[in-house]
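Structure first, then comments.
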2 protein chains.
Amino acid sequence: MQGNSSLEFIIATIAIIFLFIGIYINKQKETSKKVTESTIANEKVNYTKIEALGLSKREYEVLCKLAQGHTNKEIASLLFISESTIKTHVSKVYSKLDVKRRTQAIQKAKELEILPIS
Amino acid sequence: MQGNSSLEFIIATIAIIFLFIGIYINKQKETSKKVTESTIANEKVNYTKIEALGLSKREYEVLCKLAQGHTNKEIASLLFISESTIKTHVSKVYSKLDVKRRTQAIQKAKELEILPIS
DNA sequence: ATCAAATTGGTACTTTCGTATGAGTAGTAG
DNA sequence: CTACTACTCATACGAAAGTACCAATTTGAT
């Protein structure tokens, strides 16, 4: 029975090895899937969609600050321009995103995945 | 050599079987993880975090509507109560989330994953 | 039953937001 | 040069949001 038990041992070992190989293969798939998703979501798709919406650079900058929870006055300070100008930009952003309020703009921007980090 | 090749065949079969078992196990993990995450993210963890924050049911309801882009007046209509009450709730939500404005409340709530769907 | 928390509502006031309108400047494509 | 777009800024006005304070009612737990 010695030969048999060593054979069983070999088979068991192979089984375990391939079991882990199977698990490993799936882990790899998961990882690559995640990286791809996050990469696309925050770099490439963005600019395409932003341009498609007709948002200018400045308008997009304002939108980002807005989505970070800043007031118009704060955004003005951050971008070194007047609050009037911010209001102008914000209004244009609203019409381009087809919304009425900043809370809706944030929602829409997140849906469109045009905001950094997310 | 017939015995050997049949042995190899058995080993190979076992290897393949366990390979797929490994893959299958991981699929299951993935699935249950997603279900758990989504379930937790939208039902259970919520309540835990929500309670930890000290948010009452009503305050949480208001927060959700707020995050959907509604005005105070709209939320009042949706919940069949006065705008005064909404303001009261909103203010309490702010202090509990440690924010000053609704845009920040939305941000914070998303970070804390206490909002449905997301 | 009692006490605490939750819910509701109001008044009054300040701040922020949003729109409308007009206008000057800079850069760019034709 | 001209036309167009993006960017800037201002004033004025109304709408929403936010704060402070107070108070009545309801609900839940002990």
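In this text, all values refer to a predicted model and were calculated from it rather than measured experimentally. In what follows, chains are A, B, ... by sequence order, proteins preceding strands, each numbered from 1.
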Discussion item. If I take atom CD from residue A:Gln107 and atom CG from residue A:Leu112, how far apart are they, to the nearest 0.5 angstrom?
Written reply: 11.0 Å
Worksheet item: Quick one: salt bridge (charged side-chain N to carboxylate O under 4.0 Å, His left out) pairs with a partner in residues 53-72 of chain B, sequence neighbours left out?
Response: B:Arg58-B:Glu61, B:Glu59-B:Lys96
Item to complete: Would you tell me if any nitrogen or oxygen in the side chain of B:His89 comes within less than 4.0 Å of OP1 or OP2 on C:dT8?
Response: yes
Worksheet entry | Residue list, side-chain hydrogen bond (donor to acceptor under 3.5 Å, both in side chains) with B:Ser82, at least two apart or on another chain | B:Thr85
Item to complete: Kindly give the heavy-atom pair with the smallest separation between A:Ala67 and A:Leu115, and that separation in Å.
Response: CB-CD1, 3.7 Å
Fill in: From B:Leu66 atom CG to B:Ile106 atom CD1, the distance as rounded to the nearest 0.5 Å
5.5 Å
Discussion item. On the nucleotide C:dG9, are OP1 or OP2 found under 4.0 Å from the side-chain N or O atoms that B:Thr85 carries?
Written reply: yes
Item to complete: Return yes if some donor-acceptor pair links the side-chain N/O of B:Ser91 with the main-chain N/O of B:Thr88 below 3.5 Å, else return no.
Response: no
Worksheet entry | Intermediate values then yes/no, side chain to side chain contact (heavy atoms under 4.5 Å, CB included), A:His89 and A:Leu55 | CA-CA 10 Å; A:His89 288 318; A:Leu55 288 176; over 6 Å; no
Worksheet entry | Straight-line distance of A:Leu63 CG to A:Ser56 OG, nearest 0.5 Å | 10.5 Å
Discussion item. Please compare B:Glu59 and B:Ser84 by the position of their nearest nucleotide in DNA chain C and report the one closer to 5'.
Written reply: B:Glu59
Worksheet item: In Å, rounded to the nearest 0.5 Å, how long is the span from OG1 of A:Thr71 to CD of B:Gln104?
Response: 9.0 Å
Practice prompt. Find the distance B:Ile81:CD1 to C:dG10:C1' and express it as a whole number of Å.
Written response: 14 Å
Fill in: Within residues 70-88 of chain A or reaching into it, pairs that qualify as salt bridge (charged side-chain N to carboxylate O under 4.0 Å, His left out) - sequence neighbours excluded
A:Glu74-B:Arg101
Response to the item:
If each end axis of the helix from C:dA1-D:dT30 to C:dG30-D:dC1 is fitted on five C1' pair positions, the angle between them, to 10 degrees, is 60°
Item to complete: Hey, could you give me the CD/CG distance between A:Glu111 and A:Leu97, rounded to the nearest 0.5 Å?
Response: 10.5 Å
Quick one: which protein N/O atoms are closer than 3.5 Å to N/O atoms of nucleotides 25-30 of chain C? Pair and distance per line, please.
none

Under 3.5 Å between N/O atoms: give me all the protein pairs with nucleotides 14-19 of chain C, atom names plus distance.
residue, atom, partner, partner atom, Å
C:dC17, OP1, A:Arg102, NH1, 3.4
C:dC17, OP2, A:Asn72, N, 2.9
C:dG18, OP1, A:Tyr94, OH, 3.1
C:dG18, OP1, A:Arg102, N, 2.8
C:dG18, OP2, A:Tyr94, OH, 2.4
C:dG18, OP2, A:Arg102, NE, 2.9
C:dG18, OP2, A:Arg102, NH2, 3.3
C:dG18, N7, A:Lys87, NZ, 3.4
C:dG18, O6, A:Lys87, NZ, 3.0
C:dT19, OP2, A:Ser91, OG, 2.9

Worksheet entry | Approximate separation, where rounding is to 0.5 Å, of A:Ile50 CD1 and A:Tyr60 OH | 4.0 Å
Fill in: Expected output: side-chain B:Lys49 to main-chain B:Ile114 donor-acceptor under 3.5 Å
no
Worksheet item: Can you give the first and last nucleotides of DNA chain D, 5' to 3', that have an atom under 4.0 Å from a heavy atom of chain B?
Response: D:dA16 to D:dT19
